[in-house]
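The first residue of the sequence shown is numbered 1, and numbering continues consecutively from there. All ligand and atom numbering here is 1-based and tracks the order in the structure.
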Amino acid sequence: MSLDSSIQYLKGVGPKRAAKLNKLGIYTINDLIYYFPREYDDRRKMKKIKDLINKEKVTLEVTVSGSSITLRPRKNITITKIPIKDETGICYMVFFNKPYIDKIFKIGDKIKVNGRVDISYGNVQIQNPIYSNLSDSNNNINTIMPIYPLTNKLRNNEIIKLIKTSLKTQLDNIDEIFTLDMRKDLNLISIEEAIKNIHFPEGREKYKASKYRIVFEEFLILQLGLFLVKSRLNENNKGIVFTKEDKSNEFLNSLPFKLTNAQLKVFEEIKGDMESDKIMNRLVQGDVGSGKTIIAILSILKAKTSGYQSVMMAPTEILATQHYEEINKLLHNFGVNCELLVGSLTQKKKEQILQMVENGEVDILVGTHALIQDSVNFKKLGLTITDEQHRFGVRQRAKLTEKGITPDVLVMSATPIPRTLAMILYGDLDISIIDELPPGRKKIDTYSVSDDKKNRAFEFLEKQIAKGRQAYIVCPLVEESENLDVKSATETYEELKILYGNKYKIGLLHGKMKPKEKDEIMKQFKENIIQVLISTTVIEVGVNVANANIMIVINSERFGLAQLHQLRGRVGRGEYKSYCILINKGKNKIARERMRIMEKTSNGFIISEKDLELRGPGEFFGVRQHGIPEFKLANIFTDIKILKIAQKISQDILTEDPKLELTKNIKIKNKVYKLISEKLNDISFN
Ligand code: ADP
Ligand code: MG
């Protein structure tokens with residue numbers, strides 16, 4: 001038997017158990033050994049009877065102090081109570097439907113008991129406890145017990161037993177990828193120690209060292225894999241060489257403004273990629289309003305000058321349409337033919353456009369997901385652009401790329417993420433950052449207001465509208481949700497319609513509306529037919545209405561800070577002083593701190609870093625979407641310190657040994673290559 005043996009060969013596993021384990025993703029002994037506990041039940045906490053607190057889990061050392069009583073309150077139900085005592089008091093063990101249990105205990109037996117305390121009517125009980133003789137050393141009472149995440153109808157104890165069995169025979173076989181020297185340098189305990197203690201910790205310190213060891217290894221291997229994939233991509237595949245001569249200077253002269261230094265710097269980086277034979281794989285990160293679209297347009301123009309088509313994908317129809325209009329406006333005079341492909345087009349129009357794209361009559365095709373359908377074929381696609389990348393998965397980005405032969409790839413994101421994370425989430429991309437806003441942007445005054453003062457916020461909003469401005473009201477959910485006490489957009493809409501009556505026109509926009517309806521509402525808002533737009537986060541990205549200068553966010557505590565920051569970027573786009581009012585019900589310290597950050601800071605990068613610090617794991621944004629493999633133990637949010645160390649070490653290793661060819665790195669290399677072939681293929685070769 002080896003680590004790779006099927007779980008079926010493990011002692012105690014028959015076909016039935018094997019099937020259950022398979023459902024947990026456990027197929028081999030190795031899978032089982034790497035099935036880590038979700039949490040631990042520390043049963044070392046010994047207590048005295050007089051100190052027991054209701055509902056806590058405890059371990060007691062007691063003596064059986066009397067004979068058992070069995071009650072039969074109903075047919076088929078028995079309750080057996082056995083009195084136990086220590087020097088501080090007396091209480092009962094209570095067992096349900098185990099009438100035979102009284103045979104096990106004799107008065108005077110000294111035992112250990114572990115279970116949950118139940119105190120009612122002054123009666124102190126330990127319900128369905130586990131127990132053992134004081135002398136019995138082979139018991140689980142006095143230990144830290146692992147609790148496994150999902151058990152799929154297997155009892156936690158069954159899993160524990162199976163893991164113990166497999167560790168007994170296979171622990172020695174687990175591959176140690178680090179040499180002794182490296183382990184000393186990096187302060188890592190051995191993998192055997194770590195695996196053993198992550199399942200059955202001998203104590204707190206051992207547990208910490210084990211977790212560190214395993215998490216570090218996971219991060220290191222992934223980061224090395226991503227770095228290697230990137231360098232291999234750059235090395236092996238030759239991309240399109242776009243001509244140095246382009247019309248970018250003429251184009252820049254035609255603009256009513258000058259590019260910021262940050263924009264110029266980023267376009268230089270893109271130009272470098274495009275003019276070289278390296279396939280561009282570049283992420284442009286820039287705060288809301290930093291002017292990413294112009295950068296995309298410059299790249300499109302450059303591709304066109306070399307005779308290549310471009311494609312640009314945006315997450316919503318509204319945004320795609322806006323890009324389409326902007327590109328048309330700015331590039332029309334440069335002989336660039338732009339078309340829009342979105343779901344709401346008529347079949348006839350769609351076919352017409354697709355035909356033109358295939359013939360090469362369209363230079364830049366802008367659209368939504370519709371772009372990745374099989375029916376979309378280009379004559380000579382040279383550049384793919386994905387806007388607001390965080391809304392798309394790696395797969396979708398790859399699908400777009402497959403429509404050309406080694407096209408250059410540009411990804412744009414307004415979700416500024418800390419560099420540490422970007423290196424993991426976009427490990428396969430080069431990163432350019434636009435860290436400067438165009439001059440003249442006014443700070444958006446941001447105020448956090450508690451829910452009971454929201455009327456004043458709405459009064460303020462009305463004043464702005466009376467001055468001729470327009471307003472956004474953002475709500476977190478579309479449908480009414482009683483439990484969550486969340487004001488839905490629809491509900492707010494109905495309320496305000498009554499409040500503002502026929503003085504102003506109010507519009508409603510949410511994700512469940514048909515694209516046509518959405519477009520109509522947006523159009524009316526742009527034309528100031530609608531003064532107050534109530535919406536969910538569908539307006540989050542890109543929407544540009546210069547006359548709108550105030551935004552109220554309802555239940556703002558429910559949003560991520562990065563998201564609030566993006567939403568806020570919808571105002572402050574024109575000449576008027578702009579406001580963002582965050583109405584919130586958040587009462588705890590963290591909620592208040594989060595709102596304070598929004599009031600104080602207008603730099604998206606700082607905001608997202610703080611958001612990460614404060615919220616830790618979870619909802620920061622959909623990590624899974626990014627296509628990085630899931631970790632067994634590591635968490636890119638809570639283990640960020642270890643991630644940083646692993647990133648530094650992975651760079652050190654590759655500096656010394658770029659292809660991992662040194663003997664001391666051989667085992668690391670094997671593990672990295674295994675990961676690449678199993679998990680990173682999507683990223684590397686599409
Ligand atoms: P984002 O980075 O959020 O996508 P956009 O590309 O939509 O930002 O740009 C926001 C607005 O700023 C647009 O109206 C655009 O024309 C304008 N803009 C872009 N660059 C500059 C600049 N250098 N100076 C002044 N205005 C600019
Ligand atoms: Mg944009």
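Of the listed options Lys329, Arg573, Gln285, Arg573 places a heavy atom closest to atom 10 (C) of ligand 1. Here the shortest heavy-atom distance to atom 19 (C) of ligand 1, taken over Gly291, Ser413, Gly289, belongs to Gly291.
Taking Tyr324 as the reference, nothing meets the ring-ring contact (aromatic ring centres under 6.0 Å, His included) condition, with sequence neighbours excluded.
Counting the atoms of ligand 1 from 1 in the order shown, those under 4.0 Å from a heavy atom of Thr260 are 23 (N). Of all atoms in ligand 1, listed by their number and element, those nearer than 4.0 Å to a heavy atom of Leu259 are 23 (N). Interface of Thr293 with ligand 1, defined as ligand atoms under 4.0 Å from a residue heavy atom, comprises 4 (O), 5 (P), 6 (O), 7 (O). Heavy-atom contacts of Lys258 reach the following atoms of ligand 1: 22 (C), 23 (N), 24 (N) (cutoff under 4.0 Å).
Residue-level proximity to ligand 1 for Asp287 is carried by the backbone, the only part with a heavy atom below 4.0 angstrom. The residue Met412 has no part lying near ligand 1, judged by heavy-atom distances below 4.0 Å.
Salt-bridge check for Lys379 with Glu361: failed, with every basic side-chain N at 4.0 Å or more from each acidic carboxylate O.
In this structure, Ile295 falls outside the shell of residues with a heavy atom less than 4.0 angstrom from ligand 1. Under a 4.0 Å heavy-atom criterion, Ser290 is in contact with ligand 1.
The shortest heavy-atom contact between Ile530 and Gln470 is O-NE2, 2.9 Å.
Side chain to side chain, Ser344 and Glu317 meet the donor-acceptor criterion of an N or O pair below 3.5 Å. Inspection of the Gln524 and Lys505 side chains reveals an N or O donor paired with an N or O acceptor under 3.5 Å. Defined by atom type and a distance below 3.5 Å, a donor-acceptor pair is missing between the side-chain atoms of Asn603 and Thr601.
Taking the six-membered ring for Trp and thresholds of 30 and 60 degrees, Phe334 and Phe251 have ring planes more than 60 degrees apart, a perpendicular arrangement.
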